[in-house]
2 protein chains.
Amino acid sequence: MYLFFFNKKRKSEKNVLEHIKKCFRAHRNCVFEHIVFCHQTLLYICLNMKKYTIKDIAEQAGVSKGTVDRVIHKRGKVSQKALEKVTRILEEIDYKPNPIAQSLKNNKVYQICVVLPDPKEDNFWIPCVDGVDQAIEEFKSFLVDIKLFFYGPSSTKSFKEVNEQILKLAPDAVLLSPLFQKESINAVKNYRSAGIVVSTFNSQIDLEQTVSFVGQDLYQSGRVAAKLMHTIVPDHHDIVICHFSESLNNAIHMQQKEKGFRDYFNGLKGTEHNIVTLSVDQMNPDRTLINFLESNNKALGFFVTTSKSYNLVEILQDHSHKDIKVIGYDLLDKNNDLLKKNKISFLIHQSPKTQTYLGLTYLIEHFLFNKEIPHTKLLPIGIVNSENLITYL
Amino acid sequence: MYLFFFNKKRKSEKNVLEHIKKCFRAHRNCVFEHIVFCHQTLLYICLNMKKYTIKDIAEQAGVSKGTVDRVIHKRGKVSQKALEKVTRILEEIDYKPNPIAQSLKNNKVYQICVVLPDPKEDNFWIPCVDGVDQAIEEFKSFLVDIKLFFYGPSSTKSFKEVNEQILKLAPDAVLLSPLFQKESINAVKNYRSAGIVVSTFNSQIDLEQTVSFVGQDLYQSGRVAAKLMHTIVPDHHDIVICHFSESLNNAIHMQQKEKGFRDYFNGLKGTEHNIVTLSVDQMNPDRTLINFLESNNKALGFFVTTSKSYNLVEILQDHSHKDIKVIGYDLLDKNNDLLKKNKISFLIHQSPKTQTYLGLTYLIEHFLFNKEIPHTKLLPIGIVNSENLITYL
DNA sequence: TTGAAAGCGCTAACAC
DNA sequence: GTGTTAGCGCTTTCAA
């Protein structure tokens, strides 16, 4: 589609029409269709692009469809003369094969395996399953087969096992949440050497062998949290970066968030806040926290680097403390309740559902329609308060 | 795809396998494929769904493909006996026609026209053009033709003209930004009686004749702004709802936002804020504002209901006022600059690009692949500060 | 009421 | 090196 803008006043309608027709008669791939006048002095002209097929090209070049196909796919066995003639036409009309016809001809059922931590053990992953379900539903009548596998979020062994089993299945692609760096790199290498396409989501992995990553910039999300904290906590109060974690595997995530958080405050002209880091012992979180609070009565803002904000708030509540501000991650039910009750000021949304949904649709549409897969897709960092929460659910 | 969970300990691997095979031998549409053991006590079994074609069904039912097709599309001329036999099989296997084959057979170029206000006159609409461009790019090799039309954002006449011209083009669908209620309802009726599908975005229109609306809940976005204002403006200060508008057409939008904003504060237990509404005369905004500020020195928070926050901030700057907090809408370049400089505290993102992109892809995938179009898609209300701004651009 | 056959655009195997 | 042809799954026309 092209739009051309002319000054309506300069020529009469009829003259313009003639002029345009003459201009575009030469363009073989433009079919003059209609003329539309509207909006102030602008003239809109609609041209339709003719959709060419290999048959058209074959006729134009005086060769057979087979030859055209050989040229398009560079399969050789074409004379120099035919090659030149056909390529010239292809370029001239900017030929793009009909992906629907290609797909039909292809007629292959693509197998995609999704690997993520068991949502029963860490409910951060529940929305990821929803994202997979949505993609399955949306493409159920297409020739794709999506299989879902879980591993224990703190068991490298189960992660290895799952990937070995999937390797045996020999799918066309794997969408992977690479929680464990070392094991993931190994798994990806195995997949790649078996010719299996690998996409990742949520956790980034420093490896060029994956075709795509869908996730969030964790460093930047730390900065976002810091900015929010800065706007809600008055000067001369301490701020606590609080690492709650079930397993040690997301240590890197927490570090990136902490770095972003601290960098934001360090970048301020005169820093009025003292920032301390607190790692909460998962075995005995209450004790750790109470001890901390007793020795630090200036702490007013808490930044929880994982989805465990509710855990912090519950403990704080039991020790009926002053008006402490909490900023955390992830729209878990428990967090959402506390957000509505103003016990949590903001939650940062990592869009887990969108991550798997997008990761999958990229793969599917690539296989079915040759669509390009973006190498890195960083999702917006969602700031959620009690009022826009509902629009994210 | 199905996953079945068993307790691994209960049976030996071999027994389980036999058991499952027996269970599913009856299921004609499940092909037993593989068995996978992993993760704690869970057993995962992968079954592949056979993808049936009308040929398969025809053979099963002992009729021809033509008859099956007649049954599927309820085109009659089928004997009772054949009808029953075929429908039974169709239900049993939950047959879904291959949308790719349907699309190829169909082989029609779908024409879609997009109608929006001229971005040169109001740059809120620039991202909408980007969304259209993205959809065009993504589907350029498919049989769709997308045309873009502009009207003057304050000229009902140009709006009428554009729609009349499009009606002559007789496209398959129109994606419309219905700025003017009355004129839009009329245009939609004309389109519908010409059998043209109409989707809307950005502004809602109380009409059942549109198949889809993509936009945002403006009332709720007012509440979101109020909540943010509440967290950043201390008690006992006045808050100003500030209506800046170029044309009167978005009066309804501004009202909805104001209602949400006021409702939030009215819902608070002891309201500590006095809220006033200020309509800024577009002809002489400086004078209006300066007069207002002189007679109201307790005003600390400003909620701008349109994308014109930059306008307010510019005026405030010239009169070097105290630390006034501004919350506004839309990621225009000017607003973004002020957000980064902390002259604006928050911007609410209405995702204009996503609105047109989604509105278009819904239509396209409906035409090409029979996908369902959601009747209403309300996008998340994005809260943007200086740190997550970049992730939205 | 039914079946046979053509054809959408593209690919690939197979003759020549 | 080249053209012909069959076929992917579905729809539709036409003849029986």
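Per chain, numbering begins at 1; letters A, B, ... match sequence-line order. Atom set for the values below is all heavy atoms of this structure, side chains included, hydrogens, waters and symmetry mates excluded.
- Within residues 68-76 of chain B, the residues approaching DNA chain D are B:D69, B:H73, B:R75, by heavy-atom distance under 4.0 Å.
- Enclosure of atom NZ in A:K371 by more than 12 non-hydrogen atoms of other residues, nucleotides or ligands within 6.0 angstrom is indicated.
- Remark: the B:S103 side chain and the B:N106 side chain contain no N/O donor-acceptor pair separated by less than 3.5 Å.
- When heavy atoms are screened at a 4.0 angstrom cut-off, B:Y95 is found touching the sugar-phosphate backbone but no base atom.
- At least one cation-pi condition fails for A:K51 and A:Y95: the charged atom is not both under 6.0 angstrom from the six-membered ring centre and inside a 45 degree cone around its axis.
- Scored by the side-chain contact (heavy atoms from CB on, under 4.5 Å) test, A:N370 finds A:Q102 as partners (sequence neighbours excluded).
- Remark: A:K50 is positioned above the aromatic ring of A:Y52, its terminal NZ or CZ atom under 6.0 angstrom from the ring centre and at most 45 degrees off the axis.
- Extent of DNA chain D lying under 4.0 Å from chain B heavy atoms, first and last nucleotide in 5' to 3' order, is D:dG9 to D:dT12.
- The side-chain heavy atoms of B:T53 and B:N98, taken from C-beta on, include no pair separated by under 4.5 Å.
- With 3.5 Å as the limit, one finds no donor-acceptor pair spanning the side chains of B:D172 and B:Q111.
- The aromatic rings of A:F369 and B:F142 stand perpendicular to each other, their planes meeting at an angle above 60°, with 30° marking the opposite boundary.
- Around the NZ atom of A:K108, the shell of radius 6.0 Å holds more than 12 heavy atoms that belong to other residues, nucleotides or ligands.
- When each of B:L143 and B:A82 is assigned the nucleotide of DNA chain C bearing its nearest heavy atom, the one mapping closer to the 5' terminus is B:A82.
- Mapping B:G66 and A:L83 onto DNA chain D by nearest heavy atom places A:L83 closer to the 5' end of the strand.
- Along DNA chain C, read 5' to 3', the first and last nucleotides having any atom under 4.0 Å from a heavy atom of chain A are C:dG9 to C:dA12.
- If you find the closest nucleotide of DNA chain C to B:N107 and to B:S79, the one lying nearer the 5' end belongs to B:S79.
- Comparing the axis of the opening five pairs of the helix from C:dT1-D:dA16 to C:dC16-D:dG1 with that of the closing five pairs yields an angle of 60°, rounded to 10°.
- Contacts of B:K55 with the nucleic acid, taken as non-hydrogen atoms under 4.0 Å apart, are absent.
- In this structure, the side chains of A:E138 and A:Y357 come closer than 4.5 Å at one or more pairs of heavy atoms.
- Remark: the backbone N or O of A:P99 is not paired with any side-chain donor or acceptor of B:S141 at under 3.5 angstrom.
- The salt bridge (charged side-chain N to carboxylate O under 4.0 Å, His left out) search around A:K353 returns none, not counting sequence neighbours.
- Just one of B:E91, B:E92, B:E84 meets the salt bridge (charged side-chain N to carboxylate O under 4.0 Å, His left out) condition when paired with B:R88; it is B:E92.
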